[in-house]
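So the structure is just underneath, and the comments pick up after that.
The chains referred to below are lettered A, B, ... by the order of the sequence lines, with proteins before strands, and numbering in each begins at 1.
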2 protein chains.
Amino acid sequence: MRIEEIIKSENVDISKKVILNVMYSNSKLNETFYVALKPFDMSTEQFNVLRILRGQKGNALNMSDIQERMIAKTSNTTRLVDKLLKKELVTRRVCKDNRRKMDVSITDKGLELLKILDPLVKAHEEHFTNKLNEEELDTLNKLLEKFRS
Amino acid sequence: MRIEEIIKSENVDISKKVILNVMYSNSKLNETFYVALKPFDMSTEQFNVLRILRGQKGNALNMSDIQERMIAKTSNTTRLVDKLLKKELVTRRVCKDNRRKMDVSITDKGLELLKILDPLVKAHEEHFTNKLNEEELDTLNKLLEKFRS
DNA sequence: GAAAACTAAATGATATGTTAATTTTTTATA
DNA sequence: TATAAAAAATTAACATATCATTTAGTTTTC
């Protein structure tokens with residue numbers, strides 16, 4: 001669906017169109033992931049934290065490390081990690097070197113859940129990216145990075 | 001900043017990179033608008049509703065019409081309109097033809113506020129779009145629309 | 001070595017996003 | 001026409017986003 005159809009106006013300059021297109025594309029992505037994860041009682045944010053922790057391959061991360069790696073910086077990592085703790089998908093301990101910090105790690109249960117979710121999420125991602133060929137994906141990446149530069 | 005630097009991992013396939021790039025770009029856009037509107041006690045969502053109403057040039061819109069035109073569909077248009085009502089930026093009346101519906105219109109005060117906000121928002125938009133030339137903007141639009149198709 | 005400054009995380013308050021349930025009104029249908 | 005079904009908006013309940021404040025621990029500085 002073209003942006004013009006969504007906002008029901010044809011008089012949009014190209015700059016505004018790009019802005020709206022980025023926001024609308026993100027909205028569609030979120031919607032898709034939301035629906036995919038919902039049956040597993042997972043929010044996209046919780047899923048994101050789990051993935052970040054897995055990326056550490058066993059090493060723990062502090063709260064601020066996690067926050068730094070989030071795409072949309074959620075200042076309430078504490079509360080997200082609380083939810084994951086209750087589901088026993090992560091552990092949280094006071095850091096030995098610095099008692100202000102927390103060491104957060106993914107559990108085996110968390111890793112297993114990700115194993116189930118991975119193909120689902122991948123399928124949803126590809127629903128979008130399959131529409132473009134390699135060259136187009138590359139161009140899109142470059143343009144978005146330039147857009148943000 | 002490249003996506004790889006944000007998530008601190010170089011092993012990302014191009015598909016995933018595009019997904020993350022869209023999400024991260026949106027996040028940056030939101031951040032920017034949020035900061036611009038905050039001094040006016042306006043959220044991006046409230047601003048969006050105001051703009052949609054202005055687009056009607058005097059005609060009222062129903063709740064469901066507004067919702068339909070929002071980029072991210074917020075089912076709580078009622079609450080957003082409540083906030084705008086309190087600030088006297090919109091009016092809300094029961095629709096004559098169908099008493100289940102509401103007629104929502106922007107007030108003069110609302111229009112005046114938009115007049116102040118317009119150049120601010122435009123400047124923030126251009127902070128991003130000025131990085132790209134016309135051709136690149138056009139390509140970006142086309143790729144994003146294809147991505148969502 | 002004590003006070004001040006800083007850092008990391010948690011907590012509280014308010015706004016929004018999402019879904020489900022409810023209320024009111026209109027339309028369909030038996 | 002009475003009842004059922006549908007439509008539009010509101011309300012309630014819960015999760016998340018954002019900001020400010022608080023708490024606890026660490027580092028700096030005098």
Legend entry - B:Glu135 atom CD, neighbour heavy-atom count above 12 within 6.0 Å: no
Inset, instruction - Mind calculating the distance between CG (A:Asn48) and C1' (D:dA17) to the nearest angstrom? - result: 14 Å
Legend entry - Salt-bridge contact B:Asp82-B:Arg92 (side-chain N to carboxylate O under 4.0 Å): yes
Inset, instruction - Select one nucleotide: of C:dA9, D:dT10, D:dG25, the one nearest the side-chain heavy atoms of B:Met102. - result: D:dT10
Inset, instruction - Report yes or no: does A:Asn62 contribute a side-chain atom to a donor-acceptor pair with the main-chain N or O of A:Asp65 at less than 3.5 Å? - result: no
Legend entry - Spacing of B:Met42 atom CE relative to D:dT18 atom C1', expressed in whole Å: 17 Å
Inset, instruction - Kindly say if A:Ser64 contacts the phosphate of C:dA9, meaning a side-chain N or O under 4.0 Å from OP1 or OP2. - result: yes
Inset, instruction - Mind calculating the distance between CD (A:Glu31) and P (C:dT19) to the nearest angstrom? - result: 9 Å
Inset, instruction - Please check if the side chain of A:Gln56 supplies one atom and the backbone of A:Leu53 the other of a donor-acceptor pair under 3.5 Å. - result: no
Inset, instruction - Step by step, work out the side-chain contact (heavy atoms from CB on, under 4.5 Å) result for A:Ile6 and B:Arg69. - result: CA-CA 6 Å; A:Ile6 297 153; B:Arg69 285 168 172 78; over 6 Å; no
Legend entry - Proximal nucleotide (of D:dT18, C:dA20, D:dT10) relative to the B:Thr78 side chain: D:dT10
Considering only nitrogen or oxygen atoms on both sides, find all protein atoms under 3.5 Å from nucleotides 14-17 of chain C and state each distance.
unit_1: C:dT16; atom_1: OP1; unit_2: B:Ser43; atom_2: OG; d: 2.9
unit_1: C:dT16; atom_1: OP1; unit_2: B:Gln46; atom_2: NE2; d: 2.9
unit_1: C:dT16; atom_1: OP2; unit_2: B:Lys83; atom_2: NZ; d: 2.6
unit_1: C:dG17; atom_1: N7; unit_2: B:Arg79; atom_2: NH2; d: 2.7
unit_1: C:dG17; atom_1: O6; unit_2: B:Arg79; atom_2: NH1; d: 3.4
unit_1: C:dG17; atom_1: O6; unit_2: B:Arg79; atom_2: NH2; d: 3.2

Inset, instruction - Could you pick out which residue, A:Asn98 or B:Asp97, lies toward the 5' side of DNA chain C when each is mapped onto its nearest nucleotide? - result: A:Asn98
Legend entry - Listed nucleotide nearest any side-chain atom of B:Lys38, set C:dA9, D:dA6, D:dC19: D:dC19
Inset, instruction - Check the distance between C:dC6's C1' and A:Lys101's NZ and give it to me in whole angstrom. - result: 13 Å
Legend entry - Heavy-atom side-chain contact between A:Glu125 and A:Phe33 under 4.5 Å: yes
Legend entry - Contact nearer the 5' end of DNA chain D, comparing A:Lys96 with B:Val35: B:Val35
Inset, instruction - Report yes if at least one side-chain N or O of A:Arg99 is closer than 4.0 Å to OP1 or OP2 of C:dA8; otherwise report no. - result: no
Inset, instruction - Would you state whether a donor and an acceptor, one from the side chain of B:Arg100 and one from the base of C:dT24, lie under 3.5 Å apart? - result: no
Inset, instruction - Can you tell me the distance, in whole Å, between the CZ atom of A:Arg92 and the P atom of C:dA9? - result: 10 Å
Inset, instruction - Mind calculating the distance between CG (B:Leu85) and C1' (D:dA9) to the nearest angstrom? - result: 14 Å
Inset, instruction - Measure the distance from CG on B:Asp103 to P on C:dT25 and round it to the nearest whole Å. - result: 16 Å
Legend entry - Pair A:Asp118 + A:Arg54: basic N to acidic O under 4.0 Å: yes
Legend entry - Distance in angstrom units between A:Phe33 CZ and C:dT18 P, rounded: 15 Å
